[in-house]
Amino acid sequence: MTSCHIAVGSTRKPKLLAVEEAVAQFAAALSTQAVVEIRGYEVESGVGHTPSSRAELMRGARQRAEALQKLLRESSTAAQHFVGLEGGLDVVTENGIRRVFLESWAFVSDGFRGHFGCSGSIELPEALAREVLHRKVELGVAIDRFAGAAGIRDGQGAWGVLTGNRIVRQESFRLAVLTAFAPFYNSKMYRGAAAAGS
């Protein structure tokens, strides 16, 4: 049986587990003849430690996937899919009020085409948003202070703190990966939609 290598641009446990959970839901539709193998690699996003716009989040996810593709090409390691994940903030003005949302984004490429996916959003408390945006404190550090704990980033994440653990960081990335992979595991729908639009 052949192997389908899915490379992930992170070695952080919540991100890798999120990819594993998402892929388990569609692995058979992605590749019926292959055993799926998921491996994490450390790559840079090319954006700030806490992205503060949707555009920066998307760019970070895409650049992680592109850096991963370059890294594996240079080491002659084959992969069928490259996954870039990025979490951070989306700052919007609604009815004259600044609102800051935490989001998780994914970009998945097969080396030729790529697609984005996103989790939901959750609004940050203003005090936490100020700490990150005005004092330039990394979200992982700020959420530890805010919650009075340590290492939240590698566990429940800010998502878990803000939702009382009803949605944790891993789940937010699982949703992003699930949606970013849709054009690959549900290609019939995406091909049909493209043909209908032309």
Side-chain angles (χ1 to χ4, degrees), residues 6-27 38-45 47-65 68 83-92 94 97-108 116-182:
I6 297 175
V8 182
S10 178
T11 56
R12 291 198 175 273
K13 188 176 178 183
K15 289 183 175 182
L16 290 173
L17 290 174
V19 175
E20 287 176 15
E21 283 185 10
V23 170
Q25 292 185 260
F26 58 76
I38 298 166
R39 267 192 246 153
Y41 302 85
E42 202 57 52
V43 294
E44 294 297 319
S45 68
V47 298
H49 59 68
T50 305
S52 58
S53 71
R54 178 167 282 193
E56 191 178 7
L57 281 161
M58 293 173 76
R59 187 169 60 251
R62 181 179 46 76
Q63 287 177 170
R64 280 188 195 275
L68 182 57
V83 180
L85 301 170
E86 194 67 46
L89 309 178
D90 185 23
V91 182
V92 299
E94 184 272 331
I97 299 170
R98 181 186 78 172
R99 298 192 183 272
V100 181
F101 296 92
L102 176 61
E103 296 179 351
S104 299
W105 279 83
F107 181 80
V108 176
F116 287 99
C118 179
S119 67
S121 299
I122 185 165
E123 193 168 354
L124 263 64
E126 182 55 31
L128 180 58
R130 262 196 319 273
E131 188 79 2
V132 176
L133 295 172
H134 299 294
R135 294 191 181 99
K136 305 296 183 197
V137 176
E138 185 176 351
L139 179 60
V141 173
I143 198 66
D144 280 358
R145 288 183 197 158
F146 189 77
I152 289 173
R153 177 183 189 176
D154 290 319
Q156 73 202 71
W159 278 92
V161 171
L162 297 173
T163 65
N165 288 322
R166 289 167 180 86
I167 301 172
V168 295
R169 185 175 194 224
Q170 182 175 321
E171 174 65 6
S172 74
F173 278 116
R174 185 190 70 82
L175 290 171
V177 171
L178 197 57
T179 54
F181 260 107

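Numbering starts at 1 and runs along the sequence shown.
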Review point. If we only count heavy atoms from C-beta on, is the Arg64 to Ser45 side-chain gap below 4.5 Å?
Key: yes
Point to revise | Point-to-point distance, once rounded to the nearest 0.5 Å, from CZ of Arg174 to OG1 of Thr179 | key: 10.0 Å
Check your understanding: With a 4.5 Å heavy-atom cut-off, do Ile167 and Leu175 have their side chains touching?
Key -> no
Review point. Say you draw a straight line from CZ of Arg169 to CD1 of Ile143; how long is it, rounded to the nearest 0.5 Å?
Key: 11.5 Å
Point to revise | Pairwise side-chain contact, Gln156 with Val161, heavy-atom cut-off 4.5 Å (strictly under) | key: yes
Point to revise | From CA spacing to verdict: side-chain contact (heavy atoms from CB on, under 4.5 Å), Lys13, Gln170 | key: CA-CA 9 Å; Lys13 188 176 178 183; Gln170 182 175 321; over 6 Å; no
**Study point:** Separation of Lys136 NZ from Thr50 OG1 (nearest 0.5 Å)
**Key:** 10.0 Å
Point to revise | Nearest heavy-atom neighbours spanning Ser119 and Ser172 | key: CB-O, 3.1 Å
Study note, to complete from the structure: Rounding to 0.5 Å, atoms CD (Glu56) and CD (Gln63) come to a distance of 9.5 Å
Practice item. Determine the minimum heavy-atom distance between Gly9 and Leu68, stating which atoms define it. Key: N-CD2, 3.4 Å
Revision key, fill the gap. Heavy-atom nearest pair, Gln25 first then Leu178, reads OE1-CD2, 3.8 Å
Exercise for review: Please report the shortest heavy-atom distance between Phe101 and Leu124, naming the atom on each side.
Suggested key: C-CD1, 4.2 Å
Point to revise | Side chain proximity check, Ser10 to Val83, heavy atoms < 4.5 angstrom | key: no
Exercise for review: First locate atom CG of Leu16, then atom CD1 of Ile38, and finally report the distance between them rounded to the nearest 0.5 Å.
Suggested key: 8.5 Å
Point to revise | Distance in Å, Glu171 CD paired with Asn165 CG, rounded so as to fall on 0.5 Å steps | key: 12.5 Å
Revision key, fill the gap. Smallest heavy-atom separation, Ala18 atom then Phe173 atom, equals CB-CB, 3.6 Å
Review point. What's the shortest heavy-atom distance between Arg59 and Val47, and which atoms?
Key: NE-CG1, 4.0 Å
Point to revise | Sidechain N-carboxylate O distance under 4.0 Å for Arg12, Asp154 | key: yes
Practice item. Mind telling me whether Phe116 and Trp105 have parallel, tilted or perpendicular rings, with 30° and 60° as the class edges? Key: perpendicular
**Study point:** Validation row: Phe181, Ile6 side chains within 4.5 angstrom (heavy atoms)
**Key:** yes
Point to revise | Side chain to side chain, Glu103 and Cys118, heavy atoms closer than 4.5 Å | key: yes
Check your understanding: Is there a side-chain contact between Leu102 and Leu139 (heavy atoms, below 4.5 Å)?
Key -> yes
Practice item. May I ask you to say whether Arg62 pairs ionically with Glu86, meaning some side-chain N is under 4.0 Å from a carboxylate O? Key: no
Check your understanding: Are Arg54 and Met58 close enough that some pair of their side-chain heavy atoms sits under 4.5 Å apart?
Key -> yes
